**Student:** 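First the structure, then my questions, so here it is.
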Amino acid sequence: METVTAIRQLCDHVGQTVRLRGWVYHSRPGGKITFLVLRDGTGLCQCVIEKNDASAGFYDDIKRLAQESSLEVTGTVSADERSTGGFEVRVSDARVIHPARDYPITPKAHGIEFLMKHRHLWFRSKRPWHVLRIRSTVVDQIRRFFNDNGYVLIDTPIFAPAAGEGSQTLFKVDYFGEEVYLAQTGQLYLEAACMAHGKVYCFGPTFRAEKSKTRRHLTEFWMVEPEIAFASLDDVLNVAEDFICSIAERVLRDHRDELVELGRNLEDLQAIKKPFYRVTYSQAAELLRGPKSKALLESDLKEKSIRLGELDQRITDLESTAKSGSASQWAKDKAAAEAIELREERSELQEQIGNIPHHIELAQNFEWGGDLGGSDETIISRLHDRPVFVTHYPKHCKAFYMREDRSDERVVENFDLLAPQGFGEIIGGSAREEDYDRLLARINHEHLPQADYEWYLDLRRYGSVPHGGFGLGVERTVAWLCGLKHIRETIPYPRMMGKFYP
RNA sequence: UCCCCGAUAGCUCAAUGGUAGAGCGAGCGGCUGUUAACCGCUAGGUUCUAGGUUCGAAUCCUAGUCGGGGAGCCA
């Protein structure tokens, strides 16, 4: 194969002649000079093609090349601050590999529906490119953390005979005429394996048939679940804390540029250090009902209302500029473009403002015993500048296998980890009930078929020990780290309710 | 399953119940060390579907389809 230089490595080739292969990211063709931004998978590089250059027989071919055409160019590298990426290549020769036509994703704004339909092409755009690289690093760090800390990888089955926790939210599969389900967790299987290996984890896709259409839900997502023998709830919390810190550090170390490009506030991520906050469910309930939570939302409401007023004024001004006879065409266009952006912000703001009173009401009237809602989690996480563990939820709203708190049997030794800045839950975990009688009582109480859980009960018959673990949602974690609103952008091909194309 | 919002040119969006528009993209030409460049011209529409109200519907009403956001549930 001929020598081809990666754009990322151009810094090592200043002054040299190199060959690049890639796609046209953007081009500004002209009569005498054409600027063409080339994308090769490792980065972007501006290529300058001047018609006057000696062997410029290819000039007109290059000039007409449309977005995403593939080509090979040869030229001299120089450092140039005016250029995308800091380097540019003055082209002495070029060869078109495939001329594209009418690439659908133009350098202008597009809606999410359109982009998702073109997910296979959208990969090439900057934002998905950054996000999926960060995802790749997060996944690598997850594996590294557990492999380096003495955990054994146990692959759990995707075809599962019975519901892991609840039921009804699973995908049914016809398994040679019998009914099985796509796994929603590997946890129960892991518990068995951790009695053999001490510390284990599983990592793979998991499936939920919940009919949720929200920014936090996918029907197919990736989850990593560690399980640890001889561990108390505190031990598990400590592992989760170290684990999250290691991921945040790694992403900050390897993807500073990408995070900046995505507009992520780096200070927020640098603040992800031990110790995280630990509050019990009961304390969280107090916090929600208390003055701090109300004050937060009320000041929110005030700020957003002020902003809304500013927006209205600005939009009115822009609209009159856009229609004014005296303004230049250029000024009118800019005004119209800005108005469109601001209208979008206004409509989001209006929705948020409309929801705040409801959220205040939910928080103020929160009663002990109910599960924390999405808005409640948001409030709790926004009242803290680092991740928050919420522990000891009421027993009746949690799964049967969670360990009863021996000092308060109304609650179980579980926890959720809420990511800061209002991102909400990224981890759910617990100590598992190790006592045979208590576990059996819970199984019966939930009307679960005992026969299906005999193997699971065996773990409490033969050398039962305290143990626990948790599950981390990869997409939610990546969305939080990248500062994305919606998790659909953090997985290459999102699967959501009613959507599976492409 | 429930609640709220939306659907107008390839894309992003305008349009008091009264002749359907702009920018980008596409095509042609000009110009330029350009940065989402700029300037001129051209093409581009069954206003989601089916009914209804009206002299007249993109606009109002009903139903449906699809999409967005949220509730429940959860990673």
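Please read all numbers here as calculations on a predicted model, not as lab measurements.
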**Student:** Could you tell me if A:His486 and A:Thr490 have a donor-acceptor pair between their side chains, going purely by distance under 3.5 Å?
**Tutor:**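 No donor-acceptor contact under 3.5 Å links the two side chains.
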**Student:** For B:rG51 and B:rG45, measure between their P atoms and round to the nearest Å.
**Tutor:**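 Comparing P positions in B:rG51 and B:rG45 gives a spacing of 23 Å.
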**Student:** Would you kindly give the CG-to-P distance between A:Asp376 and B:rG70, to the nearest whole Å?
**Tutor:**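 Distance, rounded to whole Å: 15 Å.
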**Student:** Is A:Glu88 touching bases, backbone alone, or none of the nucleic acid, heavy atoms closer than 4.0 Å?
**Tutor:**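 If one applies the 4.0 Å heavy-atom cut-off, A:Glu88 turns out to touch a base.
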**Student:** What contact category does A:Leu218 fall into here, base, sugar-phosphate, or nothing, at under 4.0 angstrom with non-hydrogen atoms?
**Tutor:**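 Answer is base: heavy atoms of A:Leu218 come under 4.0 Å of a base.
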**Student:** Using atom P of each nucleotide, how far apart are B:rC24 and B:rC38 to the nearest Å?
**Tutor:**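 Looking at atom P only, B:rC24 and B:rC38 are 7 Å apart.
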**Student:** What's the closest nucleotide to the side chain of A:His26 if the choices are B:rG33, B:rA36, B:rC74?
**Tutor:**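 The closest nucleotide is B:rA36.
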**Student:** Quick one: does A:Arg28 reach the base of B:rC31 with a side-chain donor-acceptor pair under 3.5 Å?
**Tutor:**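 Side chain to base: no pair below 3.5 Å.
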**Student:** What is the base-pairing partner of B:rU1, counting Watson-Crick and G-U wobble geometry with both distances under 3.5 Å?
**Tutor:**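 Base partner found: B:rA71.
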**Student:** Can you tell me how far C1' of B:rG6 sits from CD of A:Glu113, to the nearest Å?
**Tutor:**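 The answer, rounded to whole Å, is 11 Å.
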**Student:** To the nearest angstrom, how far is A:Ile142 atom CD1 from B:rA75 atom P?
**Tutor:**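 The answer, rounded to whole Å, is 16 Å.
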**Student:** So, applying ring-ring contact (aromatic ring centres under 6.0 Å, His included) with A:Tyr201, which one of A:Tyr189, A:Phe146, A:Phe145 is it?
**Tutor:**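 Of the listed options, the one satisfying the test is A:Phe146.
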**Student:** To the nearest Å, how far apart are A:Gln67 CD and B:rA36 P?
**Tutor:**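 A:Gln67 atom CD is separated from B:rA36 atom P by 14 Å.
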**Student:** Determine the interatomic distance between P on B:rG68 and the same-named atom on B:rC13; round to the nearest Å.
**Tutor:**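 Rounded to whole Å, the distance is 14 Å.
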**Student:** Measure the distance between the ring centre of A:Phe221 and the centre of the six-membered base ring of B:rA75, then answer whether it is under 5.5 Å with planes under 30°.
**Tutor:**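 By the stated criterion, A:Phe221 and B:rA75 stack.
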**Student:** Write down the distance between CE (A:Met496) and C1' (B:rG70), rounded to a whole number of angstrom.
**Tutor:**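 Going from CE in A:Met496 over to C1' in B:rG70 covers 15 Å.
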**Student:** Determine the contact category for A:Lys126: base if any of its heavy atoms lies under 4.0 Å from a base atom, sugar-phosphate if only primed atoms, P, OP1 or OP2 are that close, otherwise nothing.
**Tutor:**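 No contact at all - A:Lys126 keeps every heavy atom at 4.0 Å or more from the nucleic acid.
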**Student:** Could you tell me whether the side chain of A:Ser212 has a donor or acceptor atom within less than 3.5 Å of a complementary atom in the base of B:rC73?
**Tutor:**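 Yes.
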**Student:** Write down the distance separating the C1' atoms in B:rA26 and B:rA43, rounded off to the nearest Å.
**Tutor:**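 The answer is 9 Å between these two C1' atoms.
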**Student:** Between B:rU8 and B:rA20, how far apart are the two C1' atoms, rounded to whole Å?
**Tutor:**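 It comes out at 8 Å once rounded to the nearest Å.
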**Student:** Which base, if any, makes a Watson-Crick or G-U wobble pair with B:rC66, both distances under 3.5 Å?
**Tutor:**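 Check on B:rC66: paired to B:rG6, both distances under 3.5 Å.
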**Student:** With respect to the phosphate group of B:rG27, does any side-chain polar atom (N or O) of A:Arg101 fall under 4.0 Å of OP1 or OP2?
**Tutor:**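 Yes.
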**Student:** How far does the C1' atom of B:rU53 sit from the matching atom of B:rC60, given to the nearest Å?
**Tutor:**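 Taking atom C1' in both B:rU53 and B:rC60, they lie 8 Å apart.
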**Student:** For B:rG69, take OP1 and OP2 only and decide whether either is under 4.0 Å from a side-chain N or O of A:His486.
**Tutor:**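 Yes.
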**Student:** Mind calculating the distance between NZ (A:Lys485) and C1' (B:rG70) to the nearest angstrom?
**Tutor:**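 A:Lys485 atom NZ is separated from B:rG70 atom C1' by 13 Å.
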**Student:** Indicate whether OP1 or OP2 belonging to B:rG69 is found under 4.0 Å from a side-chain N or O atom of A:Lys213.
**Tutor:**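 The answer is no; no side-chain N or O of A:Lys213 sits under 4.0 Å from OP1 or OP2.
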**Student:** Base, sugar-phosphate alone, or nothing: which one does A:Pro205 contact when heavy atoms must sit under 4.0 Å apart?
**Tutor:**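 The answer is nothing, as A:Pro205 stays clear of every strand by at least 4.0 Å.
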**Student:** Under 4.0 Å: is that the gap between some side-chain N or O of A:Arg64 and OP1 or OP2 of B:rA26?
**Tutor:**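 Answer is no, no contact under 4.0 Å.
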**Student:** Base, sugar-phosphate, or nothing for A:Arg90, non-hydrogen atoms under 4.0 angstrom?
**Tutor:**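 Answer is base: heavy atoms of A:Arg90 come under 4.0 Å of a base.
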**Student:** Does the cation-pi check pass for A:Arg386 over A:Tyr277, that is, NZ or CZ under 6.0 Å from the six-membered ring centre and within 45° of its axis?
**Tutor:**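 Yes, cation above the ring, under 6.0 Å and within 45°.
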**Student:** For A:His359 and for A:His217, locate the closest nucleotide of RNA chain B by heavy-atom distance; then report the residue assigned to the nucleotide nearer the 5' terminus.
**Tutor:**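 Upstream on the strand: A:His359.
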**Student:** Let me know the distance between CD1 of A:Ile112 and P of B:rG67, rounded to the nearest Å.
**Tutor:**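 Taking CD1 of A:Ile112 and P of B:rG67, I get 13 Å after rounding.
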**Student:** Distance criterion of 3.5 Å, no angle test: do you see the side chain of A:Glu50 paired donor-to-acceptor with the base of B:rG33?
**Tutor:**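 Under the 3.5 Å cut-off, the side chain and the base do not form any donor-acceptor pair.
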**Student:** Should we count CZ of A:Phe123 as having more than 12 external heavy atoms under 6.0 Å?
**Tutor:**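 Counting neighbours around CZ of A:Phe123, more than 12 heavy atoms of other residues, nucleotides or ligands fall under 6.0 Å, so yes.
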**Student:** Side chains of A:Tyr281 and A:Asn414: any donor to acceptor distance under 3.5 Å?
**Tutor:**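 Absent: no donor and acceptor within the cut-off.
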**Student:** For a quick test of reading the model: is some side-chain N or O of A:Arg208 closer than 4.0 Å to OP1 or OP2 of B:rC74?
**Tutor:**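 So the side chain of A:Arg208 is outside the cut-off, no N or O lying under 4.0 Å from OP1 or OP2 of B:rC74.
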**Student:** Can you confirm whether more than 12 heavy atoms, excluding those of A:His396, are under 6.0 Å from its NE2 atom?
**Tutor:**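 Enclosed: over 12 neighbouring heavy atoms sit under 6.0 Å from NE2 of A:His396.
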**Student:** In Watson-Crick or G-U wobble terms, both distances under 3.5 Å, what is the partner of B:rG40?
**Tutor:**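 Pair assignment: B:rG40 / B:rC28.
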**Student:** Rounding to an integer number of Å, can you tell me how far A:Arg215 CZ sits from B:rG69 C1'?
**Tutor:**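 The distance from CZ of A:Arg215 to C1' of B:rG69 comes to 7 Å, rounded to the nearest Å.
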**Student:** Using purine N1 to pyrimidine N3 plus N6-O4 or O6-N4 for Watson-Crick, or N1-O2 and O6-N3 for G-U wobble, both under 3.5 Å, which nucleotide pairs with B:rC11?
**Tutor:**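 Matched B:rC11 with B:rG23 under the 3.5 Å cut-off.
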**Student:** Measuring centre to centre across the rings, with the benzene-like ring taken for any Trp, is A:Phe159 within less than 6.0 Å of A:Tyr181?
**Tutor:**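 Not under 6.0 Å, so no.
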**Student:** Pick the closest RNA chain B nucleotide for A:Arg488 and for A:Ile33 by heavy atoms, then say which residue is nearer the 5' end.
**Tutor:**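 Of the two residues, A:Ile33 wins.
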**Student:** With side-chain contact (heavy atoms from CB on, under 4.5 Å) as the criterion, how do A:Leu233 and A:His392 come out once you've worked through the C-alpha distance, each side chain's angles and the decisive distance to 0.1 Å?
**Tutor:** CA-CA 10 Å; A:Leu233 177 63; A:His392 299 90; 3.7 Å; yes
**Student:** Taking any heavy-atom pair under 4.0 Å as a contact, classify A:Asp416: base, sugar-phosphate, or nothing.
**Tutor:**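 Contact class for A:Asp416: none.
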**Student:** Can you tell me if the side-chain N/O atoms of A:Lys51 get under 4.0 Å from OP1 or OP2 in B:rC31?
**Tutor:**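 Answer no for this pair, as no side-chain N or O of A:Lys51 is under 4.0 Å from OP1 or OP2.
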**Student:** With rounding to the closest Å, how many angstrom separate the C1' atoms on B:rG18 and B:rG56?
**Tutor:**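 Each nucleotide's C1' atom is 7 Å from the other's.
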**Student:** Return the nearest nucleotide to the side chain of A:His110; candidates are B:rU34, B:rC11, B:rG72.
**Tutor:**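 It is B:rC11.
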**Student:** With rounding to whole Å, what would you report as the distance between B:rU54 and B:rU59 at their C1' atoms?
**Tutor:**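 Per the computed distance, 13 Å lies between those C1' atoms.
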